[in-house]
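Take a look at the structure set out below.
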Amino acid sequence: MADKPKDTFEQTEPQAGAQKAVSTGKGVGSPYDSPTGQLPRVGMTKEPAPSTTVTADSVARTDDELGLDPGPDVPTLSRPTDTTVSQPTDTSGTGATAAPPTTAGATAAGAGAGAAGATAAYSYASIPPAANTPGEPSRSLRRRPVDNRRGTLDFGLFVLRLVVGGTFIYHGLQKLTGWFNGPGLDGTRDMMAAGGWDHATLCAVLVTVGELGGGALLVLGLVTPLAAGAVLAVILDAWAWKQGMIPGFQYRGSVPSGVELESVLAGTAVVILLTGPGRWSLDRNRGWAIRPRYGSFVVLVLAVVAAVGTYWYLHGGNPFTGIGPFD
């Protein structure tokens, strides 16, 4: 026998649309009748895939791009401001406490401190400097002073100071103590008076101190510019004195009035004054020891002026009598 169709059906829960239709009295429509109200909007455009090509503009170069910049949240090296708020205190004696001070002043102070410390740089890691190019000397070699390559110059200056300073010490001891068949201080005074010098005692003291003191300082290499200036002034006066004894140029050392020795001593004093005593001296840490500058030239001018003034005031006369245009 053929099965009869079942007249019964399974009872299921009405769908959300059927419930809405029952409650509103409207029929159930298809979801496609109003897609915007029934279904969520789906974008139909396809987003492009991120590019993996590395270009010149995408390479990080600065501290900000490399992530090395600390940013505004990292504190700087400026000193922190004191923003502590004082505890309320009883100022009236009635048990009531005074209100704590507002933070406006502290905020203003902090802003001022922040503005002042904005210029203070914070030491962060940065891109290291490029290395020296091939063939270029390093920075330490470029900064190396050239004064180290002096060879035997310092030793030569030391020998020159010994000879010149020793010569002046020898003549100074002759005038002061009478050693080495010298005249002594009294004999020097009489010699100066006989040579036409005024204030013979003062002249004897000046020449003795200049020769003995200046020569000793030259040998030691101590305050060398002043020592060389002192012996230069003394020897220039001696040169003018002997040159003015006889008219004409008296240079030969074989005659009593010859100025050959005085000329050599004056020239070497000028050399030491302009070159410095070298590193074999007590002035080795001074600037004038290895590289004299304008100060040494000033001392040279002052020594010449002192010699001319002393000769003009204490002796007088023209030492260049009989010498060409100076006659």
Q) Got Met192 and Arg189 here, is their nearest side-chain heavy-atom distance under 4.5 Å? A) no
Q) Are Val223 and Val271 in one and the same hydrophobic cluster, where Ile, Leu, Val, Met, Phe, Trp and Tyr link if side-chain heavy atoms are under 4.5 Å apart? A) no
Q | Qualifying residue for side-chain contact (heavy atoms from CB on, under 4.5 Å) with Lys175, from Val205, Val207, Leu185 | A | Val207
**Q.** Test item: Leu265 and Trp239 side chains (from C-beta on) under 4.5 Å apart, heavy atoms
**A.** no
Q. Parallel, tilted or perpendicular: which fits the ring planes of Phe180 and Tyr170, with parallel below 30° and perpendicular above 60°?
A. tilted
Q) Quick one: do Tyr294 and Leu274 end up in the same hydrophobic cluster if we chain Ile, Leu, Val, Met, Phe, Trp and Tyr together by side-chain heavy atoms under 4.5 Å apart? A) no
Q) Within a strict 4.5 Å, meaning less than it, do heavy atoms of the Leu157 and Thr275 side chains meet? A) yes
(Q) Is it the case that the side chain of Lys242 and the backbone of Gly258 share a donor-acceptor pair, with hydrogens and angles ignored and the cut-off at 3.5 Å? (A) yes
Q.
Check for me, please, whether Val231 and Ile169 land in the same ILVMFWY cluster - side-chain distances under 4.5 Å, paths through other members count.
A. no
Q) Under a 4.5 Å cut-off applied to non-hydrogen side-chain atoms, are Leu220 and Ser281 in contact? A) no
Q. Okay, side chain of Arg284, backbone of Gly221: is any donor-acceptor separation there less than 3.5 Å?
A. no
Q. Which distance, rounded to the nearest 0.5 Å, do you find between the CG of Leu226 and the CH2 of Trp288?
A. 7.5 Å
Q: Check whether any side-chain heavy atom of Phe249 sits under 4.5 Å from a side-chain heavy atom of Gln243, and report yes or no.
A: yes
Q: Is it possible for you to say whether Phe155 and Val219 belong to one hydrophobic cluster, with membership spreading through side-chain heavy-atom contacts below 4.5 Å?
A: yes
Q: Would you give the length of the straight line joining atom OG1 of Thr268 to atom CZ of Phe168, rounded to the nearest 0.5 angstrom?
A: 6.5 Å
Q. Taking the side chain as C-beta and beyond, is there a heavy-atom pair between Leu176 and Leu212 under 4.5 Å?
A. yes
